[in-house]
Protein chains: 2
Amino acid sequence: MAPSAAMHAAPTLARPPMPFPAAMARVLPFPSSRPEADPLDAIATTSVVDRDIAIFHQGGSADALFRLVDGVVRIHKLLPDGRRQIVGFLQAGDFFGLAFGDTYLYTAEAVTVATVRRMSRSRVDAVMDEHPALRQRLLVVTAEELIAAQDQMLLLGRKNAVEKICSFLTMLSRRRARQGKDPARLHVPMSRADIADYLGLTIETVSRTITKLKTAGTIRLLDGNKIALCDPETVASLAEGA
Amino acid sequence: MAPSAAMHAAPTLARPPMPFPAAMARVLPFPSSRPEADPLDAIATTSVVDRDIAIFHQGGSADALFRLVDGVVRIHKLLPDGRRQIVGFLQAGDFFGLAFGDTYLYTAEAVTVATVRRMSRSRVDAVMDEHPALRQRLLVVTAEELIAAQDQMLLLGRKNAVEKICSFLTMLSRRRARQGKDPARLHVPMSRADIADYLGLTIETVSRTITKLKTAGTIRLLDGNKIALCDPETVASLAEGA
DNA sequence: CGGTCGGTTGAAACTGATCAACAAGGGTGG
DNA sequence: CCACCCTTGTTGATCAGTTTCAACCGACCG
């Protein structure tokens with residue numbers, strides 16, 4: 001995988017030196033599976049991306065917009081010395097790759113094997129001009145992302161380790177609920193390093209905090225990267241500092 | 001015109017200790033490009049807001065959109081126990097208060113005496129439908145705001161105190177440059193508490209870090225809340241962990 | 001002139017980071 | 001099939017950056 005534990009903090013040392021290498025994502029062409037009524041769909045091509053493979057890189061030429069069909073994708077930014085901040089975990093339906101300059105401002109990588117639909121930027125613009133409603137929709141999803149980013153700013157700036165972990169678990173729980181699945185039973189495909197870089201912690205602190213919640217009886221660790229919330233409400237209130 | 005009643009709601013302290021209503025709100029701050037002949041202008045009314053007075057509150061009914069004409073406004077979110085995270089400082093030209101739900105997601109307050117133009121939400125929607133280009137512009141500025149939010153996430157999650165302060169100074173410097181003013185001479189109207197809550201630090205750490213930069217000869221403190229950057233490039237590189 | 005407020009500075013405490021060791025898979029090659 | 005290794009996660013001990021608590025200063029104000 002890409003950046004990991006070793007690159008946290010430590011202003012002096014920086015094991016992985018390069019911010020953004022050149023390697024492109026291994027994106028396999030794939031026939032369109034379910035063509036929706038979506039005009040964007042007509043200009044999209046489907047690809048399957050392996051675990052830990054980049055879909056695009058920070059600094060790379062931003063020539064396409066993507067939509068996640070299946071799997072989980074992380075987007076992150078890097079500091080020159082390799083410190084990493086994961087800015088979001090995407091789920092099915094999410095758009096990404098929005099760039100208003102000519103280069104991507106962050107890297108997108110598959111956390112699990114992921115299926116994405118790729119739309120060239122020029123075509124997206126053309127389709128938008130034809131279907132103003134799409135632009136409205138894109139505005140709404142961008143706005144929702146901004147709202148989520150602001151919540152994350154509150155988390156990163158003002159929450160302690162327990163609150164951060166509980167916020168993370170609550171986010172996963174809410175996603176489950178939105179999918180009509182059991183919100184007390186989470187699948188957590190991301191590594192401790194990913195969680196740490198998302199919450200502004202180290203892997204050790206993530207591990208210790210999860211252990212603490214487990215021994216406190218707040219959560220239970222199941223196998224297959226699954227976590228059970230004994231009481232989602234309690235976890236949610238811990239996330240807010242209760 | 002006279003300041004509207006709505007924006008002179010209860011004076012808000014810089015750090016309100018009381019909990020806030022659980023109600024969620026959806027608000028977007030976003031910068032505009034040019035304040036020229038604008039159809040939005042026709043439906044706007046101007047107000048002057050005193051220092052530290054709220055323009056709207058987190059949880060309040062989101063019935064209007066605002067554009068900052070003059071002064072500085074801060075936007076912040078609160079945790080139930082009063083911990084505060086400032087998610088942005090707005091400058092002249094910036095839009096804020098756009099809501100995608102029916103209540104505001106956070107509070108907007110004047111950092112300096114501020115002049116704002118207020119546009120009712122229903123009228124904004126009508127004007128948008130009439131001028132599709134406005135919606136496009138809205139998308140662009142929202143995306144720019146999202147990009148800024150992601151940079152701030154990197155700052156909050158992975159930067160140390162010196163890097164945070166230098167990032168803040170660099171942001172102010174870039175704004176000055178964009179206004180055609182001397183980027184090495186900053187006006188800093190916000191208090192130490194505001195800076196602390198923006199950077200995820202305490203007032204004391206902000207003060208100490210600024211002192212450290214001053215004694216290191218990186219910056220000079222001038223009176224009238226002004227700061228001179230001895231070398232903006234150096235400050236910018238310190239912001240990235242150099 | 002006393003009081004408050006914003007900012008600075010000092011000392012101690014604490015949370016989370018760092019360094020280090022180890023265990024549990026999982027894959028690979030002999 | 002098994003030994004080995006490499007990766008991921010856990011746990012312990014110590015360290016350090018930031019926070020907390022506290023005192024102080026100067027400016028401003030009634």
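Each chain gets a letter, A, B and so on, in the order its sequence line appears, and its residues count up from 1.
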Worksheet item: Less than 3.5 Å between a donor and an acceptor, one on the side chain of A:Arg208 and one on the base of C:dT18, is that the case here?
Response: yes
Response to the item:
Here the distance between atom P of D:dT19 and atom CG of B:Asp197, to the nearest Å, is 11 Å
Response to the item:
Rounded to whole Å, the CG-C1' distance (B:Asn160 to D:dT19) equals 15 Å
Worksheet, complete the sentence: Side-chain contact check for A:Ala161: nearest option of D:dT10, C:dG16, D:dT19 is C:dG16
Practice prompt. Write down the distance between CD1 (A:Ile210) and C1' (C:dG16), rounded to a whole number of angstrom.
Written response: 15 Å
Discussion item. Less than 4.0 angstrom between a side-chain N/O of B:Thr211 and OP1 or OP2 of C:dT9, yes or no?
Written reply: yes
Practice prompt. Apply the test ring pair (Phe, Tyr, Trp, His ring centres under 6.0 Å) to residues B:Tyr198 and B:Phe89: give CA-CA distance (whole Å), side-chain angles for both, the deciding distance (0.1 Å), then the verdict.
Written response: CA-CA 9 Å; B:Tyr198 182 59; B:Phe89 290 111; 4.9 Å; yes
Response to the item:
Whole-Å distance, A:Leu201 CG to D:dT10 P, equals 14 Å
Worksheet entry | Any B:Ser207 side-chain N or O less than 4.0 Å from OP1/OP2 of C:dG7 | no
Worksheet, complete the sentence: Testing D:dT18, D:dT10, C:dG7 for proximity to the side chain of A:Arg192, the answer is D:dT10
Fill in: B:Asp70/B:Arg117 ion pair, N-O < 4.0 Å
no
Item to complete: Calculate the interatomic distance between A:Glu204 atom CD and C:dA21 atom P; express it in whole Å.
Response: 14 Å
Worksheet item: How long is the line joining CG of A:Leu199 and P of C:dA17, in whole Å?
Response: 11 Å
Worksheet item: How long is the gap from CG on B:Leu229 to CZ on B:Arg176, to the nearest 0.5 Å?
Response: 10.0 Å
Fill in: Single hit among A:Arg84, A:His76, A:Arg192 for side-chain hydrogen bond (donor to acceptor under 3.5 Å, both in side chains) with A:Asp197
A:Arg84
Worksheet item: Would B:Phe56 and B:Phe66 count as a close aromatic pair, with their ring centres under 6.0 Å?
Response: yes
Worksheet entry | Integer-rounded Å distance: D:dT7 P and A:Asp52 CG | 12 Å
Discussion item. I need the NZ-P distance between A:Lys214 and D:dT10, as an integer number of Å.
Written reply: 7 Å
Worksheet entry | Minimum-distance nucleotide to B:Thr202 side chain [options: D:dT10, D:dT20, C:dG16] | D:dT20
